[in-house]
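Scroll down for the structure; my scribbles are underneath it.
Below, chains carry the letters A, B, ... as their sequence lines are ordered, and counting in each starts from 1.
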Number of protein chains: 2
Amino acid sequence: MSNAKALPEAGGQGVAPCCPPLAERPMTAEEAETAARMFKALGDPVRLRLFSAVASHEGGEACVCDISDVGVSQPTVSHHLKKLKEAGLLTSERRGTWVYYRVEPSVLAAMGRLLALPSAV
Amino acid sequence: MSNAKALPEAGGQGVAPCCPPLAERPMTAEEAETAARMFKALGDPVRLRLFSAVASHEGGEACVCDISDVGVSQPTVSHHLKKLKEAGLLTSERRGTWVYYRVEPSVLAAMGRLLALPSAV
DNA sequence: CTACTGGTTCGACGTGTGTCAACATAGACG
DNA sequence: CGTCTATGTTGACACACGTCGAACCAGTAG
């Protein structure tokens with residue numbers, strides 16, 4: 001599992017609309033499994049704080065040293081960041097001594113679209 | 001735990017904006033714990049399908065008998081519906097023999113707002 | 001080269017979670 | 001009343017998950 005296959009085409013520029021809005025039609029088992037992976041990635045308080053820290057950081061990226069005071073040990077921080085990366089929510093890049101994490105806006109947008117309720121029910 | 005205390009004021013009409021957008025500022029531990037509860041509730045494929053089935057059903061409500069063909073036993077369906085209810089995403093109402101579940105739009109909207117990225121990054 | 005700092009991986013432990021079979025409850029029907 | 005259908009609850013099990021300490025890699029600086 002050297003390559004994260006969590007999201008379909010996270011590297012593409014096509015925004016990857018994994019699924020239709022939740023309320024449009026009952027999700028299929030496949031769609032649900034794909035979407036649940038993203039929600040589960042944000043279903044942990046520590047991961048949510050890490051993700052928020054990266055997302056709210058200047059330039060949309062942050063090095064681990066800047067966000068690792070969330071109350072858990074550094075190995076745990078690394079573990080959670082890896083999970084977020086596998087879910088396609090973050091990307092990492094090594095620059096010299098430090099590793100910088102950055103949010104993946106398209107995936108976030110896809111999740112937001114999933115939660116959108118139709119104005120006319 | 002006879003009463004669900006997962007969400008602050010799920011019964012109120014004030015929409016309960018649990019947290020600011022993820023990218024606005026680093027979430028506090030409390031905010032993260034509250035928000036993670038909602039995401040975790042949707043972090044399971046079966047729950048996601050159940051929720052989608054209710055949300056997409058006519059009138060925004062559905063009885064259990066209509067959505068229980070998701071590949072798991074009925075006790076499991078009931079278990080997941082309870083979890084969704086505890087998370088504040090669904091409400092249930094008994095009408096005669098059947099129990100109807102309904103989505104909680106305000107909570108869904110709050111989650112969508114959480115994922116919103118500022119237009120200017 | 002060695003020493004040091006920043007991050008990741010490994011191995012292990014305790015807890016949480018999804019699942020089912022069996023039983024219990026609520027209402028309808030006769 | 002008893003019985004039947006529709007849901008919820010209980011208990012038990014296997015598996016996944018979060019967490020840590022220790023060991024390990026990547027770069028930098030002397």
Closer than 3.5 angstrom, by distance alone: can the side chain of [X] be matched with the main-chain N or O of [Y] as a donor-acceptor pair?
X	Y	value
B:Ser68	B:Val64	yes
A:Ser56	A:Ser52	yes
B:Arg49	A:Ala32	no

Note to self: If the threshold is 4.0 Å, N to carboxylate O, is there a salt bridge linking B:Arg25 and B:Glu31?
What the structure shows: yes
Checklist line | OG1 on A:Thr91 to CZ on A:Arg102, rounded to 0.5 Å | finding: 6.5 Å
Next item on the list: Kindly compute the distance separating NZ (A:Lys83) from CG (A:Leu50), expressed to the nearest 0.5 Å.
Entry: 13.0 Å
Next item on the list: Using five pairs at either end of the helix from C:dC1-D:dG30 to C:dG30-D:dC1, determine the angle between the two local helix axes and round it to 10 degrees.
Entry: 10°
Notebook entry, point to check: Among all residues two or more places apart in sequence or in another chain, which pass the side chain to side chain donor-acceptor pair (under 3.5 Å) test with B:Ser92?
Noted result: B:Lys85
Check: Between A:Arg94 and A:Ser73, which is nearer to the 5' end of DNA chain D once each is assigned its nearest nucleotide?
Finding: A:Ser73
Margin query: Assess the residue pair B:Glu61 and B:Arg95 against the criterion (salt bridge (charged side-chain N to carboxylate O under 4.0 Å, His left out)); give the C-alpha distance rounded to whole Å, side-chain angles, the decisive distance to 0.1 Å, and a yes or no.
Written below: CA-CA 12 Å; B:Glu61 73 172 13; B:Arg95 273 210 297 278; 2.7 Å; yes
Notebook entry, point to check: Between which nucleotides of DNA chain C, 5' to 3', does chain A make heavy-atom contacts below 4.0 Å?
Noted result: C:dG6 to C:dT9
Next item on the list: Please list residues of residues 75-84 of chain A whose heavy atoms come under 4.0 Å from any atom in DNA chain D, ordered by number; otherwise none.
Entry: A:Pro75, A:Thr76, A:His79, A:His80, A:Lys83
Item checked: Residues within residues 45-53 of chain A bordering DNA chain D, heavy-atom distance below 4.0 Å -> A:Val46, A:Arg47
Check: Base, sugar-phosphate, or nothing for A:Tyr101, non-hydrogen atoms under 4.0 angstrom?
Finding: sugar-phosphate
Item checked: Heavy-atom contact window of chain B on DNA chain D, given 5' to 3' at under 4.0 Å -> D:dA6 to D:dT9
Next item on the list: Decide if atom CD of A:Glu93 counts as having more than 12 heavy atoms of other residues, nucleotides or ligands within a radius under 6.0 Å.
Entry: yes
